[in-house]
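Numbers here simply count residues along the sequence, with the first being 1. No experiment lies behind these values; they were computed from the predicted model shown.
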Amino acid sequence: MQVATGTVVNGKIVLEGVPLPEGAVVTVVTRGADEGFRLTPQQEDELLAAMAEIDRGEAVSLEELLASLPN
C-alpha cells in the first residue's frame, strides 16, 4: 500500500516520485480547488490501516451497510 500525490495534466494523473507498474489499480481521492487536505502522521497510519482491512476483506459491503441503517 502506498500513498502518493499527483496532478492532473492533460486529463491524466501524473504522480510525484512514485513509480507504479503498468496496469496497477489505484484509488483516487480528490479535493476541491479551494479546500486543503492534510493528515497528521497518526491519521495517515489510521487511513492506511483501514485500507489494509478493506484489502483483506474485513469490511461490509454497501448493501450490508444500507441494510443495517434504520428506516
Side-chain angles (χ1 to χ4, degrees):
M1 176 89 49
Q2 294 175 293
V3 175
T5 300
T7 306
V8 176
V9 177
N10 294 323
K12 296 182 181 185
I13 299 170
V14 178
L15 297 179
E16 298 171 6
V18 179
L20 296 174
E22 187 68 28
V25 176
V26 299
T27 301
V28 177
V29 178
T30 65
R31 61 180 179 220
D34 60 346
E35 60 184 298
F37 184 86
R38 297 210 187 284
L39 296 176
T40 66
Q42 180 181 352
Q43 290 170 322
E44 185 175 337
D45 289 343
E46 290 172 4
L47 177 59
L48 292 172
M51 292 168 69
E53 287 177 4
I54 292 168
D55 287 344
R56 291 190 303 267
E58 298 172 4
V60 297
S61 69
L62 176 59
E63 292 78 18
E64 292 170 316
L65 174 63
L66 293 175
S68 72
L69 298 175
N71 292 327

Fill in the blank from the handout: Those residues at least two apart in sequence (or on a different chain) that pass side chain to side chain contact (heavy atoms under 4.5 Å, CB included) with Arg38 are none
Problem - Euclidean distance, Thr40 OG1 relative to Glu46 CD, rounded to 0.5 Å - result: 7.0 Å
Problem - From Ile13 atom CD1 to Thr7 atom OG1, the distance as rounded to the nearest 0.5 Å - result: 9.5 Å
Fill in the blank from the handout: In short, salt bridge (Lys or Arg N to Asp or Glu O under 4.0 Å) pairs touching residues 57-68 with sequence neighbours left out are Arg56-Glu58
Problem - Cluster link Ile54 to Leu48, ILVMFWY, side chain under 4.5 Å - result: no
Handout entry: Shared hydrophobic cluster, Leu20 / Val14 (ILVMFWY, side-chain heavy atoms < 4.5 Å)
Key = no
Problem - Any residue meeting side chain to side chain contact (heavy atoms under 4.5 Å, CB included) with Leu39, in chain and number order, not counting sequence neighbours - result: Phe37, Gln43, Glu44, Leu47
